[in-house]
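Letters go in sequence order (proteins before strands), and every chain restarts at 1. This is a predicted model, so every value here is computed, not measured.
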Amino acid sequence: MKLDTSGLESAAPVWGAPSELVDGFSVAPSFEVPNTTDFDGFQKEAIQMVKPAKGTTTLAFIFKEGVMVAADSRASMGGYISSQSVKKIIEINPYMLGTMAGGAADCQFWHRNLGIKCRLHELANKRRISVTGASKLLANILYSYRGMGLSVGTMIAGWDETGPGLYYVDSEGGRLKGMRFSVGSGSPYAYGVLDNGYRYDMSVEEAAELARRAIYHATFRDGASGGVASVYYVGPNGWKKLSGDDVGELHYKYYPVMPSTVEQEMVEVAGA
Amino acid sequence: MARYDRAITVFSPDGHLFQVEYALEAVRKGNAAVGVRGTDNVVLGVEKKSAAKLQDSRSARKIVSLDDHVALACAGLKADARVLINRARIECQSHRLTVEDPVTVEYITRYIAGLQQKYTQSGGVRPFGLSTLIVGFDPYTGVPSLYQTDPSGTFSAWKANATGRNSNSMREFLEKNYKETSGQETVKLAIRALLEVVESGGKTIEVAVMTKEHGLRQLEEAEIDAIVAEIEAEKVAAEAAKKAPATPKET
């Protein structure tokens, strides 16, 4: 017996014809399944093809002054670095950021879609959507596409009436609320530095430096992360990009080359 | 799904939707309902038809809650009301599920009004024959609100309003006597408006008060009787003061 969910529908679908009164419930998106002898195996293969794309390091954490969000900018295809300048922090709206890990197209499209939904919510309800609400909208959408090959591992960070908010949302449909997250192949390295240096009562500069360091260390050890370490801060007045430093330069900033003492010095001889 | 060839709600040559207007007639025949917004509470009052001796009056409650912080009273076809109320209750919970926040009074009013409008523009259905008075507190700002919807699907916010039988007289009374009140004064104002058109007594009036702290509270018969008695006493005192020889009033 099918559960009658007709009551759960929203009153006015944006695209549907208004004369469609008894609409049952919205059909889940689907595509045609290819004819193979072993579909499960085929599906696993397809997912494996997309999986390595989570070569990245992104992190975000909540502290006293707000939320700090940071990410690298490298895109890799196997051993080939396809780009060193990918924008992995997506600006959903002036007070909410999303990070990109996984399929770049998936992340960009769904974050843009989320931005549209957030704006519509604002217009309809005359108030901004909360970070909780926005992350839930995204999580519900991703859950409805579960098993269809979307690859999204994102963090939604923002500031709303209840203060700073940070949620981790992924394409499996999971959604977690937390104070510190790092996503991507470089995340273990980032966590090491982040968890070690984290204090709730940090100033904005200290937090930015911690985030920058964590990304740098991840890019140092993880081959799939690199490029530019971008750091964004989300405060009561919205987000602000604090810095974007090339990790190569950061390396020499943290570990400058020390002129070492030598036993014998070559001396410049005049003439000869 | 079978489609009807002809929509039942069609425009008349002079731009009226007769089905909607007939629905408004049905509302005018329904029991009187009044809503008054105070600074810290909102009060709903509904005329109760005298219950049959064998009827369990508690099963025929006319003021219902849609969520912890939103309540509704209506005038018109009660069976239509049941359907609308159920859909509204589901929407309140659905909203909590999708955005992890309770609905605002404006949101749920907009939803109910949208639903009522849908039924004026679809094939094979008739409009809902009821107007609703929706009260509640905004979950974020804590501000009390009172909204009214009608069969055409329009809605607006009010400081005080009435619907159903003799709503015009009640509204006139409210326009003359409305002022910003709080607590018990708001309850009294609502009951006074209702008493303009209903015979007095706890048996013929159902009153509920919505406060931020305690949610919806239905007043007991005895409480209503007590307030009615107070109002009667005040009326008598006012008449006496008018008839008394002109003496300088003491402030």
Handout entry: Salt bridge present between A:K177 and B:E100 (N-O < 4.0 angstrom)
Key = no

Handout entry: Within-4.5 Å side-chain heavy-atom neighbours: A:S130 and B:V99
Key = no

Exercise for the section: Count the heavy atoms of every other residue, nucleotide or ligand shown that sit under 6.0 Å from CZ of B:R82, and state whether that count exceeds 12. Expected result: no

Practice task
Report yes or no: does A:R127 contribute a side-chain atom to a donor-acceptor pair with the main-chain N or O of B:Y140 at less than 3.5 Å?
Solution key: no

Handout entry: Interchain contact, A:N125 with chain B, by part (heavy-atom threshold 4.5 Å)
Key = both

Fill in the blank from the handout: B:R165 meets the salt bridge (Lys or Arg N to Asp or Glu O under 4.0 Å) criterion, sequence neighbours left out, with B:E47

Problem - Contacting region of A:A124 [heavy-atom separation from chain B under 4.5 Å] - result: both

Handout entry: Enclosure of A:K240 NZ (heavy-atom neighbours >12, cutoff 6.0 Å)
Key = no

Handout entry: Within 6.0 Å of OH in A:Y143, more than 12 heavy atoms from elsewhere
Key = no

Handout entry: Between A:H121, A:K126, A:R175, A:E161, the one whose heavy-atom pairs under 4.5 Å with chain B are most numerous
Key = A:R175

Exercise for the section: Go through B:T98, B:N86, B:L97 and name the one with the most non-hydrogen pairs under 4.5 angstrom from chain A. Expected result: B:T98

